[in-house]
Amino acid sequence: MSLGQDNVPLPTALRRLWWRLLNSSWLVLPFVGLAGPAFLLIGLLARRAWWWAPGIVYTAVVGTGAALIAAADTPGWAPSMVAATWLVSLLHAGFVNLSWLEWRAGDADWRTKG
């Protein structure tokens with residue numbers, strides 16, 4: 001059995017609320033509009049294309065929207081596109097976080113109350 005931080009057996013460490021909060025801290029990035037870099041980061045760390053590929057898409061869509069907003073006298077539909085992308089990325093991040101925690105835990109049952 002491997003040990004978590006503070007030499008506590010890993011399954012015990014994973015049950016702690018602080019561990020879950022610390023390992024979910026990446027969720028701050030999508031909340032502030034940086035979903036693309038957030039998904040790229042966790043996808044590259046976990047080597048999962050299902051996570052880093054959406055990061056590229058979110059970055060491209062938001063970057064394109066920001067360029068359209070900056071270049072236009074009247075932004076038109078671009079702000080709506082950026083806002084919709086932000087909302088979708090938040091929901092996506094919430095779902096991915098469950099798998100991210102499982103990956104960080106090394107397949108241990110981190111949801112068990114301790």
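Just the heavy atoms: all of them, side chains too, but no hydrogens, waters or symmetry mates, feed the values below. Note that the structure is a prediction, hence the values are computed from the model and not measured.
Listed here is the closest heavy atom pair of Leu27 and Gly94: CD2-N, 4.4 Å.
Linking ILVMFWY side-chain heavy atoms closer than 4.5 Å, directly or via other members, places Val96 and Leu45 in a single hydrophobic cluster. The cluster map of Ile, Leu, Val, Met, Phe, Trp and Tyr, joined by side-chain heavy atoms under 4.5 Å apart, puts Leu29 and Val88 in different clusters.
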Residues 51-69 side chain polar contacts: donor-acceptor under 3.5 Å, at least two apart:
from  : atom 1 : to    : atom 2 : distance (Å)
Tyr58 : OH     : His92 : ND1    : 2.8
Thr59 : OG1    : Gly55 : O      : 2.8
Thr64 : OG1    : Ala60 : O      : 2.7

What donor-acceptor contacts under 3.5 angstrom involve side-chain atoms of residues 76-87, with partners at least two apart or in another chain?
from  : atom 1 : to    : atom 2 : distance (Å)
Thr85 : OG1    : Met81 : O      : 2.8
Trp86 : NE1    : Pro30 : O      : 3.2
Trp86 : NE1    : Phe31 : O      : 3.0

Show me, pair by pair, the donor-acceptor contacts under 3.5 angstrom made by side chains of residues 35-42, not counting sequence neighbours?
none

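For residues 26-40, the set of pairs meeting the side-chain hydrogen bond (donor to acceptor under 3.5 Å, both in side chains) definition, not counting sequence neighbours, comprises Trp26-Asn97.
Atom CZ of Arg104 is separated from atom OG of Ser24 by 10.5 Å, given to the nearest 0.5 angstrom.
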